[in-house]
**Student:** 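Just passing along the structure, written as structure tokens.
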Protein chains: 2
Amino acid sequence: METIEKLTKTLRSHGMKITPQRLMIFKVLENNSSHPSAEDVYKRVKKVYPAVSFTTIYKTLETLRKLGEVREFTIDDDRKHYDPNTNIHHHAICSTCKKILDVFEDFSPHVKLPDFIEKDYTVSGFQISFFGTCKECN
Amino acid sequence: METIEKLTKTLRSHGMKITPQRLMIFKVLENNSSHPSAEDVYKRVKKVYPAVSFTTIYKTLETLRKLGEVREFTIDDDRKHYDPNTNIHHHAICSTCKKILDVFEDFSPHVKLPDFIEKDYTVSGFQISFFGTCKECN
DNA sequence: TCGTAATTAACAATCATTTTTATTTATTAT
DNA sequence: ATAATAAATAAAAATGATTGTTAATTACGA
Ligand SMILES: [Mn+2]
Ligand SMILES: [Mn+2]
Ligand SMILES: [Zn+2]
Ligand SMILES: [Zn+2]
């Protein structure tokens, strides 16, 4: 995700408006590496704007996704998670506490599709999920 | 997933019963590499047993998952998919038609967590998702 | 063949997300 | 600064996959 100032310009240039709710959502996401769900974002925005609605959170997250400012993904299958870091990276997921750690190692020199598949399939990228247990849960 | 004969014994040894519905679900899953959703399985079973209920499909898939006979996973976030191949392998997902190809290459010699993370995290395995476009959609 | 626990089908409930709608607000032009 | 208006908001209802409940049926060991 860009800085909030740049993001503001990006939204304006798309005919979108800057509202206090949106600014607060941006602040929650800025430099956030906790991979929050919509509910996590909602709870944090609610502390400052108790009247904020879930709809606004969902709509704004979807807006940011469309703009390519956040990435959407699922670990467990019941809740979407959002990642404001859109650079290519991988994840380590603790199966106990479900915490998601970023893994910034570049594996691309070693991870390639076998040739016989690559003939039939154009790869644009890959994503590795490491499964295991974090220090606190061990 | 084991062969249907072995699976039958496994279920019986757990005090479970073999019903025509279950046998049909096993047949649908046997050697199935299409990564079907519960609905996909339902539709195929329905052709032979039009009165079968969705509940039975879900319950049986969950039973198989608990027995370690199928693996559950999500590509897009709105539907679970089931894989009767429980050996470690990876996937290539066509972003257009959502088809899921199996990738059996062993990447484990090259894919390791960086040391500074490995200190805090015990890895039990990893899963790679390749994104791209299949031949038909290209 | 019978008894009984497991399974089934039908239905209701749940829960995350999406859609709808009327009201409010941010921004642009006057 | 004010007004016009398109976009965003909050509240509420709808959706859709999955799970839970229940009464009736069925598999299968005794
Ligand atoms: Mn991340
Ligand atoms: Mn597979
Ligand atoms: Zn943990
Ligand atoms: Zn395709």
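Lettering follows sequence order; numbering is per chain, from 1. Atoms considered below: every heavy atom in the structure, side chains included; atoms not considered: hydrogens, waters and symmetry mates.
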**Student:** Between D/dT18, D/dA10, D/dA8, which nucleotide has the shortest distance from any of its atoms to the side chain of A/Thr56?
**Tutor:** D/dA10
**Student:** Is the distance from OP1 or OP2 of D/dA12 to the nearest side-chain N or O of A/Thr55 less than 4.0 Å?
**Tutor:** no
**Student:** Using a cut-off of less than 4.0 Å, is there contact between a side-chain N or O of A/Tyr58 and OP1 or OP2 of C/dT18?
**Tutor:** no
**Student:** Which listed nucleotide (C/dA26, C/dT17, D/dA8) is nearest to the side chain of A/Pro20?
**Tutor:** C/dA26
**Student:** Indicate the ring-plane relationship of A/Tyr42 and A/Phe54, choosing parallel, tilted or perpendicular according to the 30° and 60° boundaries.
**Tutor:** parallel
**Student:** Please report, rounded to the nearest Å, how far the P atom of D/dT9 is from the NZ atom of A/Lys46.
**Tutor:** 15 Å
**Student:** Can you check the B/Asp78 CG to D/dT18 C1' distance for me, whole Å?
**Tutor:** 12 Å
**Student:** In terms of side-chain heavy atoms of B/Arg79, which of D/dA10, D/dA27, D/dT18 is nearest?
**Tutor:** D/dT18
**Student:** Taking the nucleotide of DNA chain D with the closest heavy atom to each, which residue, B/Lys80 or B/Arg12, is nearer the 5' end?
**Tutor:** B/Lys80
**Student:** Can you tell me how far C1' of C/dT24 sits from CZ of A/Arg22, to the nearest Å?
**Tutor:** 14 Å
**Student:** Measure the acute angle between the ring planes of A/His110 and B/His110, then classify it against the limits of 30° and 60° as parallel, tilted or perpendicular.
**Tutor:** parallel
**Student:** Rounding to an integer number of Å, can you tell me how far A/Tyr42 OH sits from C/dC15 C1'?
**Tutor:** 15 Å
**Student:** Starting at CE of A/Met16 and ending at P of C/dT28, how long is that distance when rounded to a whole Å?
**Tutor:** 15 Å
**Student:** Can you check the B/His81 NE2 to D/dT18 P distance for me, whole Å?
**Tutor:** 9 Å
**Student:** For B/Ile88, look at atom CD1 and say whether over 12 heavy atoms of other residues, nucleotides or ligands are found less than 6.0 Å away.
**Tutor:** no
**Student:** Indicate the ring-plane relationship of A/Phe73 and A/His91, choosing parallel, tilted or perpendicular according to the 30° and 60° boundaries.
**Tutor:** parallel
**Student:** Expressed as a whole number of angstroms, how long is the span from B/Glu62:CD to D/dG20:P?
**Tutor:** 9 Å
**Student:** Ignoring hydrogens and angles, answer whether the base of C/dA5 and the side-chain atoms of B/Lys17 contain a donor-acceptor pair closer than 3.5 Å.
**Tutor:** yes
**Student:** Quick one: is A/Gln21 getting a side-chain N or O under 4.0 Å of the C/dT25 phosphate, OP1 or OP2?
**Tutor:** no
**Student:** How about A/Glu30 and A/Met1: do any of their side-chain heavy atoms sit closer than 4.5 Å?
**Tutor:** yes
